[in-house]
Amino acid sequence: MAEPVRLTRARRVADLLDAAFTLPVVGKVGFDGLIGLLPVIGDWAMAIPSLYVVYQGYRLGLPKRTVAWMLLLLVVEAVAGSVPVVGDALDIAWNANQRNVARIERHVGG
């Protein structure tokens, strides 16, 4: 798969997970924030599609250290998101997937 296709797919997934909808007062929210409202299981279930963004970064040749950092962001989001109320707010504000796409873009120059 060509480099631009991988990056485009990673962006699409990150946008769906972190910024698919705009809610009054809250702002942009994705499926990660909404499904993350389900106690514990929601956050861990959303970690699975989040791994796709990391996988695309790996396939694009990001250094192992950067891929490890991306994985750490996802774990922090999943663990913190499991905390009721505060974790849900963090889940909506953190946007780990979009942060990870930004790392990929810096690496490939996209």
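None of these values were measured; they are calculated from a predicted model.
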Problem set entry | Hydrophobic cluster membership, V26 vs F31, 4.5 Å side-chain cutoff | yes
For this session: Give, for atom CD of Q56 and atom CG of L51, the distance between the pair rounded to the nearest 0.5 Å.
Result: 12.0 Å
Seminar exercise, completed: CD of E77 to CG of N95, rounded to nearest 0.5 Å, is 7.5 Å
For this session: Verify the neighbour count for atom CD1 of I41: are there more than 12 heavy atoms of other residues, nucleotides or ligands below 6.0 Å?
Result: no
Exercise. According to a 4.5 Å side-chain heavy-atom criterion applied to Ile, Leu, Val, Met, Phe, Trp and Tyr, with indirect links allowed, do I92 and V76 form part of one hydrophobic cluster?
Worked result: no
Problem set entry | Joint cluster assignment, V54 & V108, ILVMFWY side-chain distance < 4.5 Å | yes
Exercise. Distance from L71 atom CG to Y55 atom OH, nearest 0.5 Å?
Worked result: 13.5 Å
For this session: Would you mind telling me which of V53, L73, L16 makes a side chain to side chain contact (heavy atoms under 4.5 Å, CB included) with N97?
Result: V53
For this session: Look only at the side chain of H107 and the backbone of G57, and say whether a donor-acceptor pair between them is shorter than 3.5 Å.
Result: no
Exercise. Does any non-hydrogen side-chain atom of L62 lie less than 4.5 Å from one of M70?
Worked result: yes
Exercise. Just how far is it from atom CZ of R59 to atom CZ of R6, taken to the nearest 0.5 Å?
Worked result: 4.0 Å
Exercise. Is the backbone N or O of W94 less than 3.5 Å from a side-chain atom of R99, with the two atoms forming a donor-acceptor pair by type?
Worked result: yes
Exercise. Should V79 and V75 count as side-chain neighbours, where that means a heavy-atom distance under 4.5 Å?
Worked result: yes
Exercise. When rounded to the nearest 0.5 angstrom, what is the spacing between CH2 in W44 and CG in L74?
Worked result: 9.5 Å
Problem set entry | Co-membership, hydrophobic cluster, residues Y52 and L7, 4.5 Å side-chain | yes
For this session: Could you walk me through whether I35 and D43 pass the side-chain contact (heavy atoms from CB on, under 4.5 Å) test, one step at a time?
Result: CA-CA 7 Å; I35 294 173; D43 295 294; over 6 Å; no
Problem set entry | D15 side chain near Q98 side chain, heavy-atom distance below 4.5 Å | yes
Exercise. Heavy-atom distance under 4.5 Å between the side chains of L90 and V83, does that happen here?
Worked result: no
For this session: For side-chain contact (heavy atoms from CB on, under 4.5 Å), just list the numbers for K28 and F21, CA-CA rounded to whole Å, side-chain angles, deciding distance to a tenth of an Å, and then say yes or no.
Result: CA-CA 6 Å; K28 292 197 178 270; F21 313 100; over 6 Å; no
Exercise. Does V13 reach the side chain of L17, with side-chain heavy atoms less than 4.5 Å apart?
Worked result: yes
Problem set entry | Verify same cluster id: M46, L23 (apolar side-chain graph, 4.5 Å) | yes
